[in-house]
Structure formats: C-alpha cells, structure tokens
Amino acid sequence: MDLQDQLKNLFPDYIPEESSETQEEDSGIWLQDDPIICKYEKRKGKPITILEGYTGATEDFKLLAKELKTTLSVGGSFKDDKIIIQGDYRDKIMGILKDKGFNVKRVGG
C-alpha cells in the first residue's frame, strides 16, 4: 500500500486536483511572479519603450516581443534580454501584458 492509497483510505471524498509546476497561458508563455519593468527613454531624440526583467526562457520573451510588435503595428527589437519597442506605448503594452496575466511595473514618468 503506497501513500496515495493510504490517503484515499483516510479521505475517501477527496478529489485530487491536477496542478502544473509552471504557470502557462494559452499562448504558451511562462508567467512569473516578479513584475516586468516597463521603461520610457529617448534615444537620439526618439521615444522608445523598454521591457525588461523577464526570468523565463529567452524564446518565450522573443515570442512575446513579436506578439507585442504585431499587435501594436510598430517596429522594435530584442537585445540583451530586453524588448525595445519604437514609440511611447507604455499604457497599451501594460494593458496587453496585464490581460495575459503578467505583473507590470511602470518606471520613469
């Protein structure tokens, strides 16, 4: 008799729930507990939005970058574990990320 059988004998009405160790969204991106930092900067006189602080896989962060760029119809890049979006889209990006289940922290302005 293993532990599972002993637990079933002690608690016959208990229905075990399936739990996953990593949190997954429909798009397959790993969600984290720490907030993603959303910053605004100006480089060469042009505004950019920078997202950093993602602790998951680099490929997931690249997929997120691509999805944000296509949703907002703007250019951008992925460098040094940061997503760089052309233009000041902090409010829209924060809304998109919150809808996906991420914690987002606004920094600078």
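Residue numbers run from 1 in the order of the sequence given. All values below come from the heavy atoms of this structure, side chains included, with hydrogens, waters and symmetry mates left out.
- Using a 4.5 Å heavy-atom threshold, the side chains of P35 and V104 count as separate.
- The list of ring-ring contact (aromatic ring centres under 6.0 Å, His included) pairs with a residue in residues 82-101, not counting sequence neighbours, is empty.
- Neither I93 nor I48 shares a network with the other; the hydrophobic side chains, linked directly or stepwise wherever heavy atoms of I, L, V, M, F, W or Y lie under 4.5 Å apart, form separate groups for each.
- Both L64 and V74 sit in one connected hydrophobic cluster of ILVMFWY residues. Membership requires side-chain heavy atoms under 4.5 Å apart, directly or through other members.
- Between I84 and R43, the closest side-chain pair of non-hydrogen atoms falls below 4.5 Å.
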Between I36 and N103, does a side-chain contact (heavy atoms from CB on, under 4.5 Å) hold up when you go through it step by step? CA-CA 6 Å; I36 294 177; N103 294 329; over 6 Å; no
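- Using a 4.0 Å cut-off between charged side-chain N and carboxylate O, D88 and R90 make a salt bridge.
- Between F61 and Y54, the ring planes are parallel. Angles under 30° get that label, and only those over 60° would be called perpendicular.
- The neighbour count for D2 CG, taken as heavy atoms of other residues, nucleotides or ligands under 6.0 Å away, is above 12.
- A chain of hydrophobic side-chain contacts below 4.5 Å, direct or via other Ile, Leu, Val, Met, Phe, Trp or Tyr residues, connects I96 to F78.
- Counting heavy atoms from C-beta on, the side chains of E67 and T71 come closer than 4.5 Å.
- Residue K92 qualifies as open at atom NZ: its count of foreign heavy atoms under 6.0 Å is 12 or below.
- In this structure, the side chain to side chain contact (heavy atoms under 4.5 Å, CB included) partners of K39, at least two apart in sequence or on a different chain, are I37, E41, I50, E52, V107.
- Note: S77 OG to Q86 CD = 8.0 Å, rounded to the nearest 0.5 Å.
- M94 and L68 fall within the same hydrophobic cluster, where Ile, Leu, Val, Met, Phe, Trp and Tyr residues are linked whenever their side-chain heavy atoms come under 4.5 Å apart, directly or through other members.
- A side-chain donor-acceptor contact under 3.5 Å links T49 to the backbone of G87.
- Residues passing the side chain to side chain contact (heavy atoms under 4.5 Å, CB included) test with D91 are R106, sequence neighbours excluded.
- Linking ILVMFWY residues whenever their side-chain heavy atoms come closer than 4.5 Å, directly or via other members, places L72 and I83 in the same cluster.
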